[in-house]
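So the structure is just underneath, and the comments pick up after that.
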Amino acid sequence: MFHQNLESFAERVGLVVGLQSNGKVSQEQAYAQIRNIWKELKDSKDALLKSQKGQ
């Protein structure tokens, strides 16, 4: 499951970088979006680890 989340993270970051490169979003907006995507990935990892400990 984490591998799928990691692939999704990479894809979403790539999209944000593309938008920023094409001038559709500012560097600050891109940074904020990537930071949020990173937090989602970290939260999913933590949840998976927590559920594995509970088994």
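Between Q33 and Q20, every side-chain heavy-atom pair lies at or beyond the 4.5 Å cut-off.
Following chains of ILVMFWY side-chain contacts shorter than 4.5 Å, one can reach V13 starting from L41, so the two form part of one hydrophobic cluster. Linking ILVMFWY side-chain heavy atoms closer than 4.5 Å, directly or via other members, places V16 and W38 in a single hydrophobic cluster. Both L6 and V17 belong to a common hydrophobic cluster when Ile, Leu, Val, Met, Phe, Trp and Tyr are linked at side-chain heavy-atom distances under 4.5 angstrom.
From D43, atom CG reaches atom NZ of K39 across 4.0 Å, with rounding to the nearest 0.5 Å. From L19, atom CG reaches atom OG of S26 across 11.5 Å, with rounding to the nearest 0.5 Å.
In this structure, S8 contributes its side chain and Q4 its backbone to no donor-acceptor pair below 3.5 Å.
By the neighbour-count criterion of 12 heavy atoms within 6.0 Å, atom CZ of F2 is densely surrounded, having more than that number from other residues, nucleotides or ligands. By the neighbour-count criterion of 12 heavy atoms within 6.0 Å, atom CD of E7 is densely surrounded, having more than that number from other residues, nucleotides or ligands.
When all heavy atoms of N5 and L48 are compared, the closest pair comes out as ND2-CD1, 4.3 Å.
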